[in-house]
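Proteins come first, then strands; the chains are lettered A, B, ... in the order of their sequence lines, and each starts at number 1.
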There are 2 protein chains.
Amino acid sequence: MNDSNAERDYLESYRPGDYPSVALTADLVVFAVNGGVLHAALVRRGSHPFRGRLALPGGFVGPRESAEAAAGRELSEETGLDLGTLPVHLEQLATYSDPGRDPRMRVVSVAHLVLLATDGATLPAVSAGTDAAGADWYPVHDMLAGGAGGSLAFDHSQILAEGLQRLAGKMEYTTVAARLLPEEFTLTQLRTVYEAVWNAPLAAGNFTRKMTPHLEDTGRKARASTGGAPAALFTATDRYVHPPLSRPRQE
Amino acid sequence: MNDSNAERDYLESYRPGDYPSVALTADLVVFAVNGGVLHAALVRRGSHPFRGRLALPGGFVGPRESAEAAAGRELSEETGLDLGTLPVHLEQLATYSDPGRDPRMRVVSVAHLVLLATDGATLPAVSAGTDAAGADWYPVHDMLAGGAGGSLAFDHSQILAEGLQRLAGKMEYTTVAARLLPEEFTLTQLRTVYEAVWNAPLAAGNFTRKMTPHLEDTGRKARASTGGAPAALFTATDRYVHPPLSRPRQE
DNA sequence: TAAATAGTGTCTGTAAGACAGTATAAA
DNA sequence: TTTATACTGTCTTACAGACACTATTTA
């Protein structure tokens with residue numbers, strides 16, 4: 001491969017107009033658990049289309065950043081979340097490219113799943129970014145059941161549903177649920193996360209038996225504030241849980 | 001929402017130059033099984049960059065089609081595969097958007113997983129499309145082990161590896177493996193697919209016991225061409241296999 | 001002491017892995 | 001008849017689900 005003429009030429013082989021181009025956005029499905037309920041961060045749209053409707057936070061992918069980098073940047077810009085102090089799990093979900101999904105123009109969106117660590121009792125504060133009239137937390141299962149707030153703008157209801165599905169599925173065979181908790185957590189906290197995401201109760205005793213081998217015991221104890229024995233504090237170690245936990249069959 | 005002035009205005013609220021744009025391609029990880037070995041369809045690049053190297057088939061997403069539609073179109077254009085006669089499974093894999101992944105310009109690629117049905121003894125014919133010097137089938141596990149052909153162009157080795165990972169994982173809890181076989185197949189054929197993808201032998205008796213409840217018996221029998229009892233012909237019914245099959249732990 | 005939570009033990013049913021044994025058809 | 005493949009049965013081990021029970025702390 002020593003044809004340096006061709007090497008020089010190929011850099012000019014593409015010119016604008018030779019190929020179709022699209023606007024690329026990174027949309028965010030941001031999850032956090034509070035009071036045993038899974039919540040998603042949503043913004044209320046301040047402009048058309050879908051003015052006044054709830055939508056996923058997101059924004060354009062810059063010319064010199066990857067979609068993942070844009071997702072991280074948008075997370076702080078659009079929701080005001082401080083990434084420096086907060087451990088954050090971020091992974092790509094899927095890409096939505098239906099030609100008519102945005103009535104203004106061709107917009108392709110790379111959706112991302114974001115998990116925020118909380119202690120289960122308070123949600124991180126979110127604030128609206130540009131173009132948004134407000135930002136807040138909404139219960140996910142209620143939203144998807146057609147309850148509070150109704151359907152989201154664009155195809156964001158579908159994206160939210162697929163984000164939940166991805167998280168619920170991944171929790172069967174990984175310890176990713178721990179990313180919704182502080183570095184150290186109790187088994188009850190972890191079980192609460194599972195119940196919040198799966199929207200189903202789990203037997204505490206069996207959960208302990210199945211989960212313990214995949215966690216690391218710090219030796220420390222949580223102070224028992226509600227009465228009862230103090231729970232051991234764990235950290236997540238393994239990436240994969242084998243055999244997988246089985247989610248209760250939902251009818 | 002009855003402010004029709006704003007309704008009229010928003011269609012012009014975006015102009016070229018207001019937002020970054022990217023070229024969008026659909027790349028294909030095309031799998032088929034032959035002789036108990038998982039193969040991928042690859043093209044040899046006819047032009048720079050990576051001239052002469054193997055790459056995934058793919059091409060630009062048109063201005064009026066979704067990435068999935070483009071993937072289906074490229075499948076026939078770039079590999080010459082006739083989609084009319086062939087049952088094809090196509091699903092989105094992931095999107096690759098690293099700014100430097102194509103040295104010519106900003107190209108974001110939506111990768112797709114394609115499963116072609118074969119009888120296990122012959123691979124569908126593939127032919128090169130535009131810009132390709134040739135197209136052929138290559139054994140996947142050998143390629144990824146660094147064997148035949150070396151690494152692929154661009155980040156295509158990574159995409160191929162993640163495509164394999166997706167397929168192998170999905171085969172644990174769905175009957176998607178049947179999409180690599182004709183409409184009707186024997187349990188031995190299906191087991192061969194599992195062994196080809198997982199690159200590990202499976203006990204025939206136990207495989208039958210675990211898989212049969214998720215398949216439908218047609219009542220017909222395959223003719224025994226190699227000696228031995230004629231195997232029953234099944235069709236795939238269930239989408240989910242519960243509890244999941246456990247893949248042999250690989251060391 | 002009463003109440004609440006954490007964690008363990010036990011029992012039963014089911015399924016996995018290993019593998020022997022039987023049935024069916026081609027050479 | 002030999003051989004090769006398809007399929008079933010059996011045995012052991014292991015884990016899931018259900019749930020009782022003990023231990024540990026706060027009020």
S.K.: Select from Gly228(A) and Asn206(A) the residue whose nearest nucleotide in DNA chain C is closer to the 5' end of that strand.
M.R.: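 Its nucleotide being nearer the 5' end, the pick is Gly228(A).
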S.K.: Need two values: the first and the last nucleotide of DNA chain C, 5' to 3', having an atom under 4.0 Å from any heavy-atom of chain B.
M.R.: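 With heavy atoms of chain B under 4.0 Å away, the range is dA16(C) to dA26(C).
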S.K.: What range of DNA chain D does chain B touch, first nucleotide to last, counting atoms under 4.0 Å from its heavy atoms?
M.R.: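 Reading along DNA chain D, I get dA4(D) to dT8(D).
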S.K.: Would you call Glu162(B)-Arg166(B) a salt bridge at under 4.0 Å N-O?
M.R.: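 No, no charged N to carboxylate O under 4.0 Å.
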S.K.: Considering only heavy atoms from C-beta outward, does the side chain of Thr175(B) approach that of Val241(B) to under 4.5 Å?
M.R.: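 Result yes, sub-4.5 Å side-chain heavy-atom pair found.
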S.K.: Where do Asp98(B) and Ser66(A) land on the side chain to side chain donor-acceptor pair (under 3.5 Å) test, with the steps shown first?
M.R.: CA-CA 5 Å; Asp98(B) 196 71; Ser66(A) 68; 5.3 Å; no
S.K.: Does the side chain of Trp137(A) reach to within under 4.5 Å of the side chain of Val30(A), using non-hydrogen atoms?
M.R.: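 Trp137(A) vs Val30(A): side chains touch.
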S.K.: Is the shortest heavy-atom distance from the side chain of Met143(A) to the side chain of Ser151(A) under 4.5 Å?
M.R.: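 Heavy-atom side-chain distance check fails, nothing below 4.5 Å.
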S.K.: Donor-acceptor pair, Ser97(B) side chain versus Ala67(A) backbone, under 3.5 Å?
M.R.: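 Side chain of Ser97(B) to backbone of Ala67(A): a pair is present.
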S.K.: Hey, could you give me the CG/CZ distance between Asp119(A) and Phe185(A), rounded to the nearest 0.5 Å?
M.R.: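 The CZ atom of Phe185(A) is 14.0 Å from CG of Asp119(A), to the nearest 0.5 Å.
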S.K.: Can you tell me how far CG of Leu233(B) sits from CG of Asp217(B), rounded to the nearest 0.5 angstrom?
M.R.: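 Rounded to the nearest 0.5 Å, the CG-CG separation comes out at 8.5 Å.
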S.K.: Rounded at 0.5 Å granularity, tell me how far CG in Leu160(A) sits from OH in Tyr138(A).
M.R.: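 OH of Tyr138(A) is found 12.5 Å from CG of Leu160(A).
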S.K.: Report which part of the nucleic acid Ser246(A) touches: base, sugar-phosphate, or nothing (heavy-atom distance under 4.0 Å, all strands).
M.R.: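 It contacts sugar-phosphate atoms only.
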S.K.: Determine the interplanar angle of the Trp198(B) and Tyr194(B) rings, folded into 0 to 90°, and report it as parallel if under 30°, tilted if 30 to 60°, perpendicular if over 60°.
M.R.: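 Because their plane-to-plane angle is over 60°, the rings of Trp198(B) and Tyr194(B) count as perpendicular.
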S.K.: When all nucleic acid strands are considered with a 4.0 Å heavy-atom cut-off, which category describes Ala204(A): base, sugar-phosphate, or nothing?
M.R.: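 No contact at all - Ala204(A) keeps every heavy atom at 4.0 Å or more from the nucleic acid.
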S.K.: Which residues in residues 209-218 of chain A have a heavy atom closer than 4.0 Å to any atom of DNA chain D?
M.R.: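 By residue number: Arg209(A), Lys210(A).
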S.K.: Nearest 0.5 angstrom please: Arg101(A) CZ to His156(A) NE2, how far?
M.R.: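 Rounded to the nearest 0.5 Å, the CZ-NE2 separation comes to 5.5 Å.
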S.K.: So Thr188(B), base contact, sugar-phosphate only, or nothing? Heavy-atom distance under 4.0 Å.
M.R.: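 Sugar-phosphate: the residue Thr188(B), judged by heavy atoms under 4.0 Å, touches backbone atoms but no base.
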S.K.: Base, sugar-phosphate or nothing for Ala203(B)? Non-hydrogen atoms, less than 4.0 Å.
M.R.: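 No contact.
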